[in-house]
Amino acid sequence: MRVLLVGSGGREHALAATLKRSPLLDALFTAPGNPGTALLGENVAIAADDVAALVAFARAERIDLVVPGPEAPLVAGLADACAAAGVACAGPSAAAARLEGSKSFAKAVCDAAGIPTARWERFEDAGLAHDFVRRRGAPIVVKADGLASGKGVVVAQTVAEAEAAITAMMQEGSLGRAGTAVVIEECLEGDEVSLFAFCDGETALLIGAAQDHKRIGEDDTGANTGGMGAVSPPAFFDRDTQEQALDLLVRPMLREMNRRGTPFRGVIFAGLMLTPTGPALIEYNVRLGDPEAQALLPRLRSDLLPVLAALAAGRLGEARLRFSDEAAVAVVLAGRGYPGTPATGAPIDGIERAEAMHGVHVFQAATARDAAGTLVGAGGRVLTVVAVASALAEARDAAYAGVAAIEWPDAVWRRDIGVRALVRALAARHAL
Ligand code: AMP
Ligand code: GLY
């Protein structure tokens with residue numbers, strides 16, 4: 001098969017490496033890709049959200065399957081344009097991608113389908129939003145209704161913080177159009193996990209679960225980021241519990257989307273909170289997580305390509321996915337300054353040394369080649385070092401040994417990826 005992978009992050013490098021293992025793969029193109037995906041196939045200079053150019057390329061190159069990584073092209077109608085051009089695409093229509101593109105849409109689907117989620121209200125009027133948080137008190141969560149690339153959520157511990165978020169989003173336009181309406185919701189307490197499934201409109205096939213580490217600082221302090229590391233599987237969320245969570249939080253959504261005439265076909269990413277009264281949905285995304293994918297995909301033992309082709313064809317029915325029972329720990333190396341303006345341009349060395357270690361993979365994101373061909377840092381999240389081992393503690397040790405092998409003066413990373421999961425696992429074992 002000839003595959004066009006869309007995106008340029010660590011998730012896409014991990015997807016490219018996974019697709020590359022398929023005996024069914026004849027050619028792999030990545031648009032726009034990064035220096036990591038260039039090692040596995042051909043990079044194509046088309047922006048990930050340039051739907052018309054992607055579809056024109058797919059037709060010209062007789063692509064059998066388009067595999068979208070990020071959400072932007074899906075929200076912009078990539079799957080619809082592929083369908084119109086007769087090209088198979090393993091992602092949802094723009095109508096179904098609203099599950100990620102609009103928080104209030106996702107919430108309305110949850111309510112119609114009886115899916116447990118935080119109670120919420122949507123506001124287009126800043127004054128009413130201010131009144132609401134004053135009445136409700138803190139903690140409370142303020143979210144921009146539109147897509148804000150992970151920057152649109154404020155978990156406010158005080159009413160003043162919530163009001164400042166409303167002022168910034170609705171009155172000062174800090175997030176542009178995304179923040180002209182906000183969703184304000186109840187604050188959920190518990191452990192947060194990311195649950196993933198392939199969906200073909202009818203069937204949800206469990207991929208697995210991972211735990212992200214969203215804050216820049218150790219012990220989950222400091223600014224929110226795209227994700228600084230991941231652990232898979234979460235120590236306290238086994239496959240039986242993951243299946244139950246799909247029954248509760250994903251399969252009813254598929255039925256509701258069908259009822260609305262906009263079936264969901266693609267990867268569903270259910271961000272959920274394991275609350276004392278059971279799992280509750282925080283949000284849906286319509287794609288794999290980054291860095292969760294980098295921790296999940298190296299544990300996959302099945303051939304991914306026929307499963308994605310079956311998904312695109314609406315025939316996921318009998319497909320199965322096999323994962324190793326091992327643990328994976330993914331540590332993100334970011335450019336100093338991230339999530340603000342990152343330092344760029346410094347040379348990166350040692351990737352081969354890290355990858356020579358048993359069970360260690362290095363995925364590239366915002367890397368580039370300078371004029372001399374040297375690999376350099378070129379953005380926020382730059383590398384993900386992943387290790388797979390029989391137990392979480394060993395995977396952690398191996399991942400950090402991999403990090404130590406990388407020489408890149410601008411690198412910042414968290415030293416505590418997986419620590420919370422490890423403590424939880426130990427506590428469960430000793431019934432603390
Ligand atoms: P999002 O941008 O929607 O992924 O949200 C960012 C983060 O905010 C989530 O990963 C959660 O950690 C947190 N969050 C969002 N909604 C809630 C909620 N209702 N209660 C507690 N935390 C939340
Ligand atoms: N790591 C969270 C995300 O991909 O949205």
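Worth saying up front: this structure is predicted, and the values here are computed from it rather than measured. Below, each value reflects all heavy atoms present in this structure, side chains not excepted, and no hydrogens, waters or symmetry copies. Each ligand, and each atom within it, is numbered from 1 in the order the structure gives.
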Quick one, V360 and V385 - any side-chain contact, counting heavy atoms below 4.5 Å? yes
Please examine the side chains of H130 and T167, heavy atoms only from C-beta on, and report whether any two atoms are closer than 4.5 Å.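 Answer yes - side chains close enough.
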Can you confirm, on distance only, whether ligand 1 has an N/O atom lying under 3.5 Å from any N/O atom belonging to K143? yes
Rounded to the nearest 0.5 Å, how far apart are CE of M228 and CG of L333? 7.5 Å
What's the shortest heavy-atom distance between I207 and F323, and which atoms? O-CE1, 2.9 Å
Pair [X]-[Y], side-chain donor/acceptor within less than 3.5 Å:
{"X": "S22", "Y": "D303", "value": "yes"}
{"X": "D290", "Y": "Q294", "value": "yes"}
{"X": "S194", "Y": "D212", "value": "no"}

Would you mind listing which atoms of ligand 1 come within a distance below 4.0 Å of any non-hydrogen atom of [X]?
{"X": "A118", "result": "19 (N)"}
{"X": "E185", "result": "16 (N), 17 (C), 18 (C), 19 (N)"}
{"X": "E186", "result": "18 (C), 19 (N), 20 (N)"}
{"X": "M273", "result": "21 (C), 22 (N)"}
{"X": "K214", "result": "4 (O), 10 (O)"}

Hey, can you tell me if F123 and F132 have their rings parallel, tilted or perpendicular (30° and 60° cut-offs)?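 Plane angle between 30° and 60°, so tilted.
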Main-chain N/O of L249 paired to R251 side chain as donor or acceptor, under 3.5 Å: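 Between the backbone of L249 and the side chain of R251 there is no qualifying donor-acceptor contact (under 3.5 Å).
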Under the 3.5 angstrom rule, does the side chain of D200 hit a backbone N or O of L316 as a donor-acceptor pair? yes
Testing R414, R215, H213, K214 for side chain to side chain donor-acceptor pair (under 3.5 Å) with D220, which one passes? R414
Should G152 be listed as contacting ligand 1, given a heavy-atom distance under 4.0 Å as the test?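 So G152 does not count as touching ligand 1.
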Could you tell me whether ligand 1 has any atom less than 4.0 Å away from a heavy atom of K103?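 Contact check K103 vs ligand 1: positive.
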For atom 2 (O) of ligand 1, which of the options V141, V153, I140 provides the nearest non-hydrogen atom?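 Among V141, V153, I140, the closest heavy atom to atom 2 (O) of ligand 1 comes from V153.
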Among V155, D220, N224, the residue with a heavy atom nearest to atom 14 (N) of ligand 1 is V155
For ligand 2, find each of its N or O atoms that sits under 3.5 Å from a protein N or O atom, and tabulate the pairs with distances to one decimal place.
unit_1	atom_1	unit_2	atom_2	d
ligand 2	1 (N)	D212	OD2	2.8
ligand 2	1 (N)	G226	O	3.3
ligand 2	1 (N)	D290	O	2.9
ligand 2	1 (N)	E292	OE1	2.8
ligand 2	1 (N)	E292	OE2	3.4
ligand 2	4 (O)	R287	NH1	3.0
ligand 2	4 (O)	D290	N	2.9
ligand 2	5 (O)	R287	NH1	3.4
ligand 2	5 (O)	R287	NH2	2.9

